[in-house]
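Please read the structure below before turning to the comments.
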Amino acid sequence: MIITHEIRLSRIVRGTWKNTILVAFTCSMAYFAYWHFTQYHFEMPGIIPSILGTALAFFIGFNNNQSYDRWWEARKIWGVLVNSSRTWARLVIHLPSANEKINGQNLLLTKEYAVKRHIAFLYSLKDNLRGEKSDHYQKYLIKADQELIKGEGNIHNAILGLQNRELKSWKKDGLIDGFEFLELNAELTKFCDEMGKSERIKNTVFPTTYNYYTKMFIWLFNIAFTLAVAPMVGWRAILFGTIIGYVFHTIHFIGQAIINPFDPIPTGIPLDQITRTIEINLLEMIKEEHIPDPVSPINDEYIM
Amino acid sequence: MIITHEIRLSRIVRGTWKNTILVAFTCSMAYFAYWHFTQYHFEMPGIIPSILGTALAFFIGFNNNQSYDRWWEARKIWGVLVNSSRTWARLVIHLPSANEKINGQNLLLTKEYAVKRHIAFLYSLKDNLRGEKSDHYQKYLIKADQELIKGEGNIHNAILGLQNRELKSWKKDGLIDGFEFLELNAELTKFCDEMGKSERIKNTVFPTTYNYYTKMFIWLFNIAFTLAVAPMVGWRAILFGTIIGYVFHTIHFIGQAIINPFDPIPTGIPLDQITRTIEINLLEMIKEEHIPDPVSPINDEYIM
Amino acid sequence: MIITHEIRLSRIVRGTWKNTILVAFTCSMAYFAYWHFTQYHFEMPGIIPSILGTALAFFIGFNNNQSYDRWWEARKIWGVLVNSSRTWARLVIHLPSANEKINGQNLLLTKEYAVKRHIAFLYSLKDNLRGEKSDHYQKYLIKADQELIKGEGNIHNAILGLQNRELKSWKKDGLIDGFEFLELNAELTKFCDEMGKSERIKNTVFPTTYNYYTKMFIWLFNIAFTLAVAPMVGWRAILFGTIIGYVFHTIHFIGQAIINPFDPIPTGIPLDQITRTIEINLLEMIKEEHIPDPVSPINDEYIM
Amino acid sequence: MIITHEIRLSRIVRGTWKNTILVAFTCSMAYFAYWHFTQYHFEMPGIIPSILGTALAFFIGFNNNQSYDRWWEARKIWGVLVNSSRTWARLVIHLPSANEKINGQNLLLTKEYAVKRHIAFLYSLKDNLRGEKSDHYQKYLIKADQELIKGEGNIHNAILGLQNRELKSWKKDGLIDGFEFLELNAELTKFCDEMGKSERIKNTVFPTTYNYYTKMFIWLFNIAFTLAVAPMVGWRAILFGTIIGYVFHTIHFIGQAIINPFDPIPTGIPLDQITRTIEINLLEMIKEEHIPDPVSPINDEYIM
Amino acid sequence: MIITHEIRLSRIVRGTWKNTILVAFTCSMAYFAYWHFTQYHFEMPGIIPSILGTALAFFIGFNNNQSYDRWWEARKIWGVLVNSSRTWARLVIHLPSANEKINGQNLLLTKEYAVKRHIAFLYSLKDNLRGEKSDHYQKYLIKADQELIKGEGNIHNAILGLQNRELKSWKKDGLIDGFEFLELNAELTKFCDEMGKSERIKNTVFPTTYNYYTKMFIWLFNIAFTLAVAPMVGWRAILFGTIIGYVFHTIHFIGQAIINPFDPIPTGIPLDQITRTIEINLLEMIKEEHIPDPVSPINDEYIM
């Protein structure tokens with residue numbers, strides 16, 4: 001997530017110079033064609049770039065709206081994970097009652113571990129969404145559990161299974177009754193739902209055709225535009241064409257930059273920060289002593 | 001689901017050449033009319049293609065938005081099926097407790113079959129949505145169940161009935177209590193809801209009029225456009241008209257390609273892949289040994 | 001619901017000829033005014049039809065979007081009715097357990113009738129939404145129930161009341177326990193909600209002003225357009241004006257045709273078909289012998 | 001809610017004549033400035049009203065969309081109140097079972113009063129939303145309850161409190177069990193939610209700036225337009241400017257007329273009608289003898 | 001929330017004069033360049049500002065829509081908090097039954113404090129969202145609780161924890177049964193969800209790029225516009241450029257003013273007012289004697 005309000009020129013130039021040169025080259029070629037050839041035969045009517053501009057406006061607008069929707073939905077999903085994680089911890093801390101077998105320090109440890117295992121779930125899910133391989137999640141799992149889920153194709157799903165087993169054993173042992181089971185199980189179901197929604201956004205490729213044709217139509221539009229203004233402004237058509245092309249490509253790029261919100265990029269959803277925030281919240285709730293620091297922004301520019 | 005970011009030229013040409021020739025022919029006829037007839041009588045004012053372009057922009061934009069909504073809703077429905085299938089398996093594995101009658105290996109088999117029967121439900125639903133006849137679902141059903149649902153008009157609904165009967169018998173036998181019944185039954189209700197939503201999208205024809213008039217207005221627009229630019233650019237009006245017509249038809253086609261997302265086409269929802277993913281997930285959860293491979297993309301281009 | 005992809009010319013002509021003649025007449029009058037009067041005084045600037053076109057584009061687009069939303073929401077409501085009807089039948093068939101008083105054939109009949117009474121509810125709701133008076137629903141009610149609801153202002157609501165009374169008596173008699181009661185009652189509540197949503201769409205008149213002013217602005221636009229192109233194209237202004245007017249009126253009409261989706265019209269929601277589908281599904285589930293045929297399309301063109 | 005499809009000319013003239021005169025005056029002043037001054041110095045380029053028209057189109061479109069959303073959300077909220085009121089009555093009538101203390105006629109009266117108290121809730125809420133002071137709701141309350149809620153700032157909320165107290169006493173007395181309590185309490189929670197949603201729409205002022213600047217930009221646009229067409233059409237610029245100004249103001253007004261849907265205006269949500277409909281439905285359900293008539297439309301034009 | 005319908009000129013001038021001067025300066029510089037340089041070489045074609053205007057329209061429209069969505073979602077979240085707070089109080093007052101240990105005055109005090117602690121939660125959440133440090137919330141907490149949550153990073157979350165502990169102890173002591181626990185706990189979960197949603201909106205920076213490029217494109221557009229109209233209107237291009245620039249900047253600013261709806265600004269969500277309203281409602285419900293006054297508008301202009 002970009003947090004600065006002033007975007008560095010260097011970032012802009014770095015992100016766009018290749019494309020801008022390509023645009024400038026296209027416009028130069030179009031002007032070259034105009035100068036040596038088309039001016040002797042016909043004049044490009046302004047209606048052509050106008051109409052292509054309309055088509056473009058639709059395409060780019062559509063792309064941007066859908067991109068933002070994906071990005072905002074992704075943010076909402078992780079917002080729900082934040083809320084439900086707190087609710088999970090709150091319920092785990094307050095609901096189970098001591099019985100003869102499990103009580104005092106024992107009960108406390110059981111509760112704490114149910115909270116920590118949830119943090120493991122979050123880290124495992126985060127790494128999966130980011131496409132990063134890391135063992136960070138193991139930090140919150142005891143050896144026995146690490147063994148159990150080793151080799152599973154879907155680690156975070158397996159951890160949810162462990163939580164469900166725990167819940168069932170609580171119920172069996174009388175730590176929680178049926179009503180409390182309902183409330184705790186509802187949170188596990190929610191974790192599974194939000195996990196699946198995240199995967200849906202990650203795994204669904206936005207229809208490629210929209211991106212592909214947008215680029216093609218910007219290219220067509222740029223040529224038509226350069227040819228259409230050349231008779232009026234001469235070689236400056238290259239300059240104006242490049243500026244206009246830059247504007248359209250930029251609008252298109254802005255949308256593309258948030259279309260895969262879980263990618264590890266500055267414009268993505270700050271999963272590191274959100275996961276850490278939940279981690280801190282939950283550890284505070286179980287009165288853990290060593291609490292990690294919040295994630296810091298990078299260059300005061302963005303946060304991952 | 002198209003997964004490549006570069007669409008093959010061959011695919012584009014194959015999908016559009018017929019229509020492009022038709023467009024070119026229409027523009028040629030319009031130019032022919034201009035050359036032999038209308039140029040001696042009047043000049044087509046530019047305002048006419050402009051205004052028709054506005055009408056078109058609305059129509060095509062509307063179509064594309066609704067198409068995308070159908071496609072994305074279809075993807076969401078199957079996303080919910082993924083999540084709820086995992087929840088179903090997780091609950092089935094952990095909730096039922098042994099009693100005197102059903103326990104040990106017996107209980108394990110009962111649980112496993114409740115998961116497998118769900119895979120049968122998914123395959124049966126998938127085949128129905130795709131309009132494919134296949135017996136793949138029978139692989140996960142025991143003979144007795146196959147007999148029971150033989151001849152039913154709606155196989156997947158019948159399988160849900162079997163699951164409900166099972167659940168009731170679990171409750172009667174004391175494998176699950178009322179609270180656990182609530183949670184398990186909630187998942188069955190969700191399967192029924194998402195099944196019905198899929199059928200709604202499959203069975204509801206998008207209002208035909210939008211598609212029909214879009215084509216008619218593109219055709220009107222193309223003629224008006226060719227006539228309007230002909231005085232300025234001469235025979236090149238055919239070329240420009242064809243390009244512009246191609247652009248509008250293409251935008252329209254892109255939307256049409258995702259309007260029936262359950263059709264067995266490259267741009268549809270990859271039901272094969274999703275069903276297989278659930279199948280693998282669920283079989284892993286019940287520690288099945290032989291687990292099928294994920295579905296592979298076709299030509300590195302799309303996945304079904 | 002229109003199911004054909006090719007709309008018959010006869011249907012188009014029949015639906016639009018009156019309006020087209022009116023448009024042609026307006027354009028002719030405008031040209032007449034131009035010829036005998038305004039051409040000697042001033043020329044209509046093109047900016048006027050352009051700006052009115054913008055106003056129109058907004059209005060028509062707005063109308064179409066809201067119409068489609070009403071239509072699609074109506075379809076979704078009946079989709080939920082499909083799903084919940086199946087869930088109702090599934091639960092009714094599997095949940096109630098025999099007791100000493102009610103069992104064997106008796107229990108079976110009780111269950112079957114709870115399903116059939118639901119079909120009566122659907123037919124009664126359908127007839128009400130369509131504004132049709134029919135006694136079809138009585139076919140699925142026993143005499144005693146017919147007596148009870150005779151004279152009620154809202155038959156379908158009264159049938160829901162009967163279902164609720166039945167449910168309560170099942171609970172009292174121990175056929176179902178509290179948990180099962182929750183699940184069954186939830187479905188009745190859903191039926192009541194979707195029934196109310198249908199009535200909301202049926203009874204809420206879309207703000208009349210939008211339709212009224214759209215027509216008025218198309219008329220203004222048509223006159224301005226004809227006057228503006230007349231100096232360039234002469235008497236052909238009548239032809240072009242009529243074509244453009246036809247296009248705008250058509251876009252407007254397409255939206256109007258789906259704004260009241262429960263009306264008994266070809267473009268409405270196919271309530272006959274959906275109700276019959278549920279009927280067939282439910283009768284199959286209770287192993288009824290005589291099952292009606294699905295509703296057939298009319299002229300292969302639409303389905304009611 | 002306007003129910004007629006033909007809006008009376010008198011209503012239109014009455015609603016717009018002041019504004020139309022203001023528009024005509026503005027255009028006249030602009031033309032006056034043109035005639036005596038600007039025509040000797042410069043000509044207003046058409047691009048200026050065009051660009052201002054674009055800005056306006058966005059503003060007015062945005063306003064209309066949000067207005068309609070508020071209006072439709074308001075209608076949906078009261079739709080939910082209709083459905084949940086029926087569900088409340090249905091459950092109240094069928095769920096409570098007789099015990100030794102409360103039974104027979106006594107039980108019947110208790111149930112009936114729980115339904116009538118709900119009608120009092122609706123009337124009190126309606127009067128509050130409409131900003132009307134009326135004691136109509138007291139008709140359905142017994143003296144004791146009237147005393148209890150006298151002086152409360154929020155009458156309808158206080159009535160909900162009475163219902164909750166009743167529910168609790170039913171549960172204590174064994175008229176309903178825990179499961180039935182869940183279902184009945186869920187409806188009370190829904191009433192509270194929909195009540196709060198209504199208040200949110202009523203109390204949230206739509207951001208004033210959108211309305212304010214829309215008016216200002218229409219005014220700027222009107223002046224620029226008149227100056228731009230004056231060189232071509234002379235004094236008729238006043239006429240055309242007034243027509244165009246009328247069109248834009250009208251589109252803006254149509255949206256403004258539904259932005260506060262609970263105001264007691266013809267274009268608002270017909271709360272009188274809806275409340276009466278629920279009243280009739282509920283009284284029928286408890287077999288009341290004297291049932292009021294439905295609300296009649298006023299002048300066959302609108303219904304409150 | 002702005003409540004006046006007439007925005008003071010002073011407020012407008014104060015908010016925009018800096019920017020307007022900047023716009024005027026840009027236009028002057030552009031005119032200067034035109035006068036001394038570009039007029040001798042080429043004329044800026046009108047198509048360039050037109051096309052840039054299209055790009056701008058998309059950007060500004062997109063920004064405004066998303067801003068309004070954030071603002072309205074924020075309002076909805078606090079609407080839900082209003083409703084659920086009332087439901088919480090209603091349930092707390094009516095559900096717990098006396099037992100031998102806790103009854104009479106004791107029980108009353110326990111209930112009252114559960115309501116007051118909720119008010120503390122709301123004030124703490126409000127201060128956090130507004131970025132204000134205040135101890136107002138402590139007023140509603142007893143010393144023991146103040147100690148317990150002292151030093152917590154997230155005060156409002158900690159208060160929810162206290163409520164959950166209370167609920168559990170009620171259940172243990174038999175003040176409430178399992179069903180009542182479900183209903184009360186559901187409200188706590190809702191508070192946690194809405195709290196998290198508020199934080200999501202507060203903490204998610206709207207993609208900076210949209211704001212940044214909008215400003216840049218307005219600037220480009222302004223220069224192109226001034227150059228394009230200069231040949232027609234001379235030095236007045238500065239005037240017209242400034243007006244048009246002012247219009248576009250204003251539309252952009254209106255959206256920006258509501259993009260962070262929880263900021264302590266006049267255009268934000270009136271958290272002070274809403275929190276006070278809930279406070280008054282809840283204190284009335286527990287028959288508190290000293291009830292604070294509603295929050296007053298500032299200058300009859302806005303309410304915080």
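Quantities reported herein were computed from a predicted structural model and do not represent experimental measurements. Below, chain A is the first sequence line, B the second, and so on; all start at residue 1.
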Per-residue tally against chain E (heavy atom, under 4.5 Å) across A/Ala228, A/Gly61, A/Ala257, A/Gly234 peaks at A/Gly61
Between E/Glu199, E/Met216, E/Glu194, which has the largest tally of heavy atom pairs under 4.5 Å with chain A? E/Glu199
Interface moiety of E/Gln163 toward chain A, non-hydrogen atoms closer than 4.5 Å: neither
Specify whether E/Phe191 and E/Phe121 have parallel, tilted or perpendicular ring planes, treating 30° as the upper limit for parallel and 60° as the lower limit for perpendicular. tilted
What part of A/Ile291 gets within 4.5 angstrom of chain E, counting heavy atoms only: side chain, backbone, both, or neither? neither
Heavy-atom distance under 4.5 Å to chain E: side chain of A/Ile244, backbone, both or neither? side chain
Where on A/Met1 is there a heavy atom nearer than 4.5 Å to chain E: the side chain, the backbone, both, or neither? side chain
Without swapping roles, check the side chain of A/His94 against the backbone of A/Arg90 for a donor-acceptor pair under 3.5 Å. yes
I'd like to know if the side chain of E/Trp71 and the backbone of E/Thr267 have a donor-acceptor N/O pair within less than 3.5 Å. yes
Go through the steps for A/Lys287 and E/Glu152 under the test salt bridge (charged side-chain N to carboxylate O under 4.0 Å, His left out), then give the verdict. CA-CA 10 Å; A/Lys287 316 279 177 204; E/Glu152 292 275 350; 3.5 Å; yes
Using the ring centroid of each side chain, check whether A/Phe240 and A/Phe225 are separated by less than 6.0 Å. no
Turns out that what part of A/Ile258 lies under 4.5 Å from chain E's heavy atoms comes down to side chain
Portion of A/Trp78 that has a non-hydrogen atom of chain E nearer than 4.5 angstrom: neither
Please classify the contact between A/Tyr302 and chain E as side chain, backbone, both or neither, with a heavy-atom cut-off of under 4.5 Å. neither
Output the option from A/Ser97, A/Gly79, A/Gly53, A/Gly46 having the highest count of non-hydrogen pairs under 4.5 Å with chain E. A/Ser97
Please look at A/Arg75 and chain E and tell me whether the side chain, the backbone, both or neither of the residue comes under 4.5 angstrom of a heavy atom of that chain. both
Using a strict cut-off of less than 4.0 Å between a Lys/Arg side-chain nitrogen and an Asp/Glu carboxylate oxygen, indicate whether A/Glu73 and A/Lys76 qualify as a salt bridge. no
Step through it carefully: locate the ring centre of E/Tyr212, locate the ring centre of E/Phe59, and say whether they are under 6.0 Å apart. no
Which bit of A/Val82 comes within less than 4.5 Å of chain E, counting heavy atoms only: side chain, backbone, both or neither? neither
Is it the side chain or the backbone of A/Phe221 that comes within 4.5 Å of chain E heavy atoms, both, or neither? side chain
Looking only at E/Thr209, E/Ile51, E/Asn164, the option with the highest number of non-hydrogen pairs under 4.5 Å against chain A is E/Asn164
Largest heavy-atom contact set with chain A, pairs under 4.5 Å, which of E/Ala186, E/Gly178, E/Ala57, E/Pro45: E/Gly178
What part of A/Leu56 lies closer than 4.5 angstrom to a heavy atom of chain E: side chain, backbone, both or neither? neither
Counting N and O atoms only, with roles assigned by atom type, does the side chain of E/Trp88 sit under 3.5 Å from a partner on the main chain of E/Ala114, one being a donor and the other an acceptor? yes
Picking from E/Lys197, E/Glu43, E/His41, which has the most non-hydrogen pairs under 4.5 angstrom with chain A? E/His41
Of the listed residues (E/Ile47, E/Thr189, E/Asn185), which shares the most heavy-atom pairs with chain A below a 4.5 Å separation? E/Asn185
Less than 4.5 Å to any heavy atom of chain E: does that hold for the side chain of A/Gln273, its backbone, both, or neither? neither
Looking at A/Arg70 and A/Ile259, would you say the former's side chain and the latter's main chain have a donor-acceptor pair under 3.5 Å? yes
Based on non-hydrogen pairs under 4.5 Å, which of A/Glu284, A/Met285, A/Arg236, A/Glu180 is most in contact with chain E? A/Arg236
What part of E/Leu160 lies closer than 4.5 angstrom to a heavy atom of chain A: side chain, backbone, both or neither? both
Determine the option with the most heavy-atom pairs under 4.5 angstrom with chain A, choosing from E/Asn65, E/Thr38, E/Asn211, E/Asn154. E/Asn154
Any idea how A/Tyr31 and A/Trp35 line up, ring-wise: parallel (<30°), tilted (30 to 60°), or perpendicular (>60°)? parallel
Taking side chain as everything from C-beta outward and backbone as N, CA, C, O, which of these in A/Thr250 sits under 4.5 Å from a heavy atom of chain E? Side chain, backbone, both or neither. side chain
Does the A/Arg86 side chain pair with the main chain of A/Asn281, one donor and one acceptor, at a distance under 3.5 Å? no
Go through the steps for A/Glu279 and A/Arg276 under the test salt bridge (charged side-chain N to carboxylate O under 4.0 Å, His left out), then give the verdict. CA-CA 5 Å; A/Glu279 188 182 5; A/Arg276 183 66 57 82; 3.3 Å; yes
The interface call for A/Thr4 against chain E, heavy-atom contacts under 4.5 Å, is backbone
Less than 4.0 Å between a side-chain N and a carboxylate O, is that true for E/Lys171 and E/Glu166? no
I'd like to know if the side chain of A/Asn64 pairs up with that of E/Tyr210 as donor and acceptor (distance under 3.5 Å, no hydrogens or angles considered). yes
